[in-house]
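In what follows, a structure is listed as structure tokens, so that the remarks can point back to it.
The structure displayed is predicted, hence computed values, not measured ones.
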Amino acid sequence: MDMFKNKVVVGDGAMGTRLQALVGTSAGCIDGLNVDPSFREIVALVHRSYLEAGADLLFTNTYGANVFKLSRHGRDHQVHEINLEGARLARRCAGDKLVGGSVGPLEIYSARDDFSDEQQEEIFCQQMAALVEGGVDFLVLETFQDIAEARLALKAARKYARPVWLSVGGVQNGRTGTGADVREFAGLGVDVLGANCRGPYDVLETLQILAGVTAVPLFARPNAGSPEIDRGRVVYNVDSSQFGLYAKRLVEAGAVMVGGCCGTDPSHIAQVADSVRDLKPPPRRRVSEVRIYTPARPAPLPEAPPNAVAEVFSRVPLVVSVELRPGRTTSLEDFLTSGRYLAQRGVHLFDIPDNAGAKVTVDPVISASRLQAETGIPTLVHLSTSHRNLIATQSYLLGAWQSGIQGVLAVTGDHPNVGDHDKYASRVNDVKSSVNLMGLIGMLNEGRLFNETACFRTNFCVGGGFNPVRGLTAQVKWAQRKIEAGAQFLYTQPVYREEDVDRMLEVTAEFKIPILVGIMPLVSRRNAEFFASGKIPGVIIPEEVLNAFDPDEPKADSQQRGIDMASQLMDKVRHKVRGFYLLPPFGRDHHTVVGELIGALGSLR
């Protein structure tokens, strides 16, 4: 591009964090400010402030203006309008200076399999078409970290007669947050290539790497340092003078344009302009001076260690797994005592729920590790997708493996509104569903984190839930998705009728994995009404089972009635199924009720 021949070009600074600082985070949809009569002038104010600070070009306020991100704010119907007005705003402010149409990634990594490449490409086209209509001079694919997504965005961008810039975001030590080697982006064939959305040190390192593998012009837009949380606010604390010093080093590394990303403001851009004013643009690198990057073949993985949980499923014809819940008002010793009692009765597996009912409990990995060590019985943990972010989930799984836990029941988990912290706790959506969690566990089993960086190899035996008494057709389809994602077994919600078991076996006949039928004995009319009311998601009590309990019946008789009903069902189906998943009723000495059920089955060894 001719603009790089005679001077180092000064880019603009942050748009998102700058607007948040001016209008407050309550504005929600930053891109939507383009069409909001109350705020669009503030967008223009930010553009003009960067021009006054010395910027030679502007990027539009449209980074997140794709249908996926706008849908979070209920504005997915405004894709065209928001992008069109974003381009027009920047165009009016820029005058004869250039305007780049900012296009950010879709960031649907965990749900990408739900959308074809053609669908994703069309989503990019929706945004780009409006930006071109609004008068942008070039398209900038901003903060891309995934190489496959960058290819799709570039393919879409090439449909429009505009130069294409690509900025690789979040690079540290040569890799993006998705694990891609930044050198892979050099082979995409963009017109200008850059790095952004890390502090000056990391962006400088990234630019030096890119300069060694590509001859295309390079640009840099570092953050104002790393984000810090100060009294609940995210702040960036690299001052503008330090930022200006790095601008010189970025030009020396090959940058023909230097601007700013998150946390930068007009003072940072003014320092950049001052720092590069007397610098000559770096000479264009010749193709002969760079080397083509070829991804290295991954090293072969070491043999996975054996898995005790998988061995139980392969060896035992009728598996009995018992769910135990450590109490939050009792000592862990009480929990371990229950485990030892049941281990003596021949249970094959234990499983520990993860904040079931959205209530606080003792950490399941710690509980499972202690129980397994005390009893010698392989113990699984349930793992919910809704309680931890992506970083914590992976750390938790790695810690579970190092603690000796080899089985995971992947569940979506209960919404916080179900439990007693509904006013204080929030649902976490980094890992969208149990299917996505199974995929993540599969990556750990191959020695890879979600972002493709290396970790030690786990060998979890992973399973999922299945509800045979609600929307069976949909449940079967979802179970098939789980099996495709790596599920090696299924545990069902509690079942109370033989016909429900038979129907489940009929529709899952093609499944090649064991299914353990959930059995949870009811112990009173009140207990049955509690579950029948829908208090616990997924548990359905048939009317005839509810009516079998007399509200005036003595407590001991009701409990025995519930045990007898559960035992009779188990006896009827035991020769049809691969095993049982026993859930103790609530209350003290619940393990003795399960002990009676195990006794009714006879010898399990």
Exercise for the section: Say whether Asp354 and Ser384, considering side chains only, have a donor N or O and an acceptor N or O under 3.5 Å apart. Expected result: no
Practice task
Side-chain contact test, heavy atoms from C-beta onward, threshold under 4.5 Å: evaluate it for Glu323 versus Pro353 and give yes or no.
Solution key: yes
Practice task
Answer yes or no: does atom CD of Glu506 have more than 12 heavy-atom neighbours from other residues, nucleotides or ligands under 6.0 Å?
Solution key: no
Problem - Distance (rounded to the nearest 0.5 Å) between Leu601 CG and Leu318 CG - result: 6.5 Å
Exercise for the section: Report yes if the distance between the aromatic ring centroids of Phe489 and Tyr581 is under 6.0 Å, otherwise no. Expected result: no
Problem - Cationic N near anionic O, under 4.0 Å, Glu499 to Arg503 - result: no
Practice task
Could you grab the distance from atom CD1 of Ile377 to atom CG of Asp351, nearest 0.5 Å is fine?
Solution key: 12.5 Å
Handout entry: Side-chain donor/acceptor of Arg457 to backbone N/O of Leu444, under 3.5 Å
Key = no
Problem - Heavy-atom side-chain proximity of Phe313 to Leu516 below 4.5 angstrom - result: yes
Completion exercise
CD1 of Ile513 to CG of Leu490, rounded to nearest 0.5 Å, is 4.0 Å
Handout entry: Check: Thr337 side chain, Glu333 main-chain N or O, donor-acceptor pair, under 3.5 Å
Key = yes
Handout entry: Candidate pair Glu498 and Val573, rule side chain to side chain contact (heavy atoms under 4.5 Å, CB included), full reasoning
Key = CA-CA 7 Å; Glu498 183 181 9; Val573 304; 3.9 Å; yes
Exercise for the section: Could you give me the CA-CA distance, side-chain angles and deciding distance for Phe185 and Leu188, then say whether side chain to side chain contact (heavy atoms under 4.5 Å, CB included) is met? Expected result: CA-CA 6 Å; Phe185 293 85; Leu188 292 180; 3.9 Å; yes
Exercise for the section: Mind running side chain to side chain contact (heavy atoms under 4.5 Å, CB included) on Val312 and Val309 for me, showing each step along the way? Expected result: CA-CA 5 Å; Val312 168; Val309 175; 5.8 Å; no
Handout entry: Over all atoms of both residues, closest heavy-atom pair of Leu324 and Pro584
Key = CD2-CG, 4.5 Å
Exercise for the section: Determine the minimum heavy-atom distance between His348 and Pro378, stating which atoms define it. Expected result: O-CD, 3.7 Å
Practice task
Could you tell me whether the side chain of Lys482 and the main chain of Gly465 form a donor-acceptor pair under 3.5 Å?
Solution key: yes
Handout entry: Tyr341 six-ring face occupied by Arg345 cation (under 6.0 Å, within 45°)
Key = yes
Practice task
Nearest 0.5 Å please: distance from the CZ atom of Phe460 over to the CG atom of Asn307.
Solution key: 9.0 Å
Problem - Exercise: identify the closest heavy-atom pair between Lys69 and Gly64 - result: CB-O, 3.2 Å
Problem - Heavy-atom neighbours of Glu544 CD exceed 12 at 6.0 Å - result: yes
Handout entry: Pairwise distance CD1(Ile598) to CZ(Phe580) - rounded to 0.5 angstrom
Key = 11.5 Å
Handout entry: Carboxylate-amine/guanidinium contact Arg525 Glu553, below 4.0 Å
Key = no
Handout entry: Worked check of side chain to side chain donor-acceptor pair (under 3.5 Å) between Gln145 and Thr178
Key = CA-CA 6 Å; Gln145 299 195 33; Thr178 65; 5.3 Å; no
Completion exercise
In short, Met504 meets Phe466 closest at the heavy-atom pair CG-CE2, 3.5 Å
Problem - Stepwise side chain to side chain contact (heavy atoms under 4.5 Å, CB included) check, Val507 with Leu472 - result: CA-CA 8 Å; Val507 299; Leu472 193 54; 3.8 Å; yes
Practice task
Check the surroundings of atom OH in Tyr424: do more than 12 heavy atoms from other residues, nucleotides or ligands lie under 6.0 Å from it?
Solution key: no
Completion exercise
Between Pro514 and Arg578 the two heavy atoms that sit nearest each other are CB-NH1, 3.7 Å
Problem - Glu596 side chain near Thr592 side chain, heavy-atom distance below 4.5 Å - result: no
Problem - Pair Arg561 + Asp564: basic N to acidic O under 4.0 Å - result: no
Fill in the blank from the handout: Between the CD1 atom in Ile405 and the SG atom in Cys461, the distance rounded to the nearest 0.5 Å is 13.0 Å
Problem - Closest non-hydrogen atom pair between Ser434 and Ala410, with its separation - result: CB-O, 3.5 Å
Problem - Sidechain-backbone polar pair: Thr458 side chain, Trp401 backbone, donor-acceptor under 3.5 Å - result: no
